[in-house]
Amino acid sequence: QLQASGGGLVQAGGSLRLSCAASGRTFSRHAWGWYRQAPGKQRELVAAISSDGGKNYADSVKGRFTISRDNGKNTVYLQMYSLKSEETAVYYCNTYLRPIYAWGQGTQVTVSS
């Protein structure tokens, strides 16, 4: 089970930190990703972090978003800076490449212009 939190309403240029807690005992073995889905669009990968901490980002968020993880807390984070209105979406986490958890409700991020 996944529980994403930290979303909200923010002005363009603002920041948010998202958290996603996962149940189970295998969190540390997996690579994790943050995904987002805007209204009327397909879900897209925003950032990913491997089991050994390697990171990669979508080109659109490089330099503004940072993904991190805390294996002791079974939690993955997404720090977002300089948010843009077009980044309004529901943000989800799941395992990377092959999502193995049910997606859950995600957390809504609304960026006002």
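It should be emphasised that the depicted structure is a prediction, and the values quoted were computed from it without experimental measurement. Along the sequence shown, the residues carry numbers beginning at 1.
Arg29 places no side-chain N or O within 3.5 Å of a backbone atom of Arg25 that could act as its donor or acceptor partner. Under a 3.5 Å cut-off, the side chain of Arg43 and the backbone N or O of Gln37 do not form any donor-acceptor pair. Under the 3.5 Å distance criterion, the side-chain polar atoms of Asn74 are left unmatched by any main-chain donor or acceptor of Ser23. Within the 3.5 Å criterion, the main-chain N or O of Ile67 finds a donor-acceptor partner in the side chain of Lys55. The main-chain N or O of Leu9 is never found under 3.5 Å from a side-chain atom of Thr110 such that the two would form a donor-acceptor pair. With hydrogens and angles disregarded, no donor-acceptor distance shorter than 3.5 Å links the side chain of Arg69 to the backbone of Asp52. Checked by atom type and distance alone, the side chain of Thr95 pairs as donor or acceptor with a backbone atom of Ile100 at under 3.5 Å. Without hydrogens or angle criteria, Asn94 side chain to Pro99 main chain gives no donor-acceptor distance under 3.5 Å. At least one donor-acceptor pair closer than 3.5 Å links the side chain of Trp32 to the backbone N or O of Phe27.
Taking each heavy atom of Thr75 and Ser19 in turn, the nearest pair found is CG2-CB, 4.3 Å. Nearest heavy atom pair, residue Ala22 against residue Leu2, reads CB-CD2, 3.6 Å. Shown here for Ser28 and Ser51, the closest heavy-atom pair between the two residues is O-CB, 3.5 Å. The two atoms that bring Lys62 and Tyr57 nearest to each other are CE-O, 3.4 Å, heavy atoms only. Between Arg64 and Ser82, the shortest heavy-atom contact is NH1-O, 2.8 Å. Between Met80 and Leu83 the shortest heavy-atom distance is CB-CD2, 3.9 Å.
Residue Val90 shares its hydrophobic cluster (ILVMFWY side chains chained together at separations under 4.5 Å) with Tyr35, Leu45, Tyr92, Tyr96, Leu97, Trp103.
Note: Arg36 CZ to Thr107 OG1 = 14.0 Å, rounded to the nearest 0.5 Å. Interatomic distance, CD of Gln11 versus OG of Ser113, reported as 9.5 Å (0.5 Å rounding).
Residues Val76 and Ile49 have side chains in contact (heavy-atom distance under 4.5 Å, counting atoms from C-beta outward). At a threshold of 4.5 Å between non-hydrogen side-chain atoms, the residues Ser15 and Gln79 count as touching. With contacts defined as side-chain heavy-atom distances shorter than 4.5 Å, the pair Gln108/Thr88 qualifies.
In this structure, Arg17 forms a cation-pi arrangement with Tyr77, its terminal cationic atom sitting closer than 6.0 Å to the ring centre and no more than 45° off the ring axis.
A search for ring pair (Phe, Tyr, Trp, His ring centres under 6.0 Å) contacts involving Tyr91 returns nothing, not counting sequence neighbours.
Between Glu86 and Lys41 there is no salt bridge, since no side-chain N of the basic residue sits under 4.0 Å from a carboxylate O of the acidic one.
No more than 12 heavy atoms of other residues, nucleotides or ligands sit less than 6.0 Å from atom CD of Gln3.
The same ILVMFWY cluster, assembled from side-chain heavy atoms under 4.5 Å apart, contains both Leu16 and Val61.
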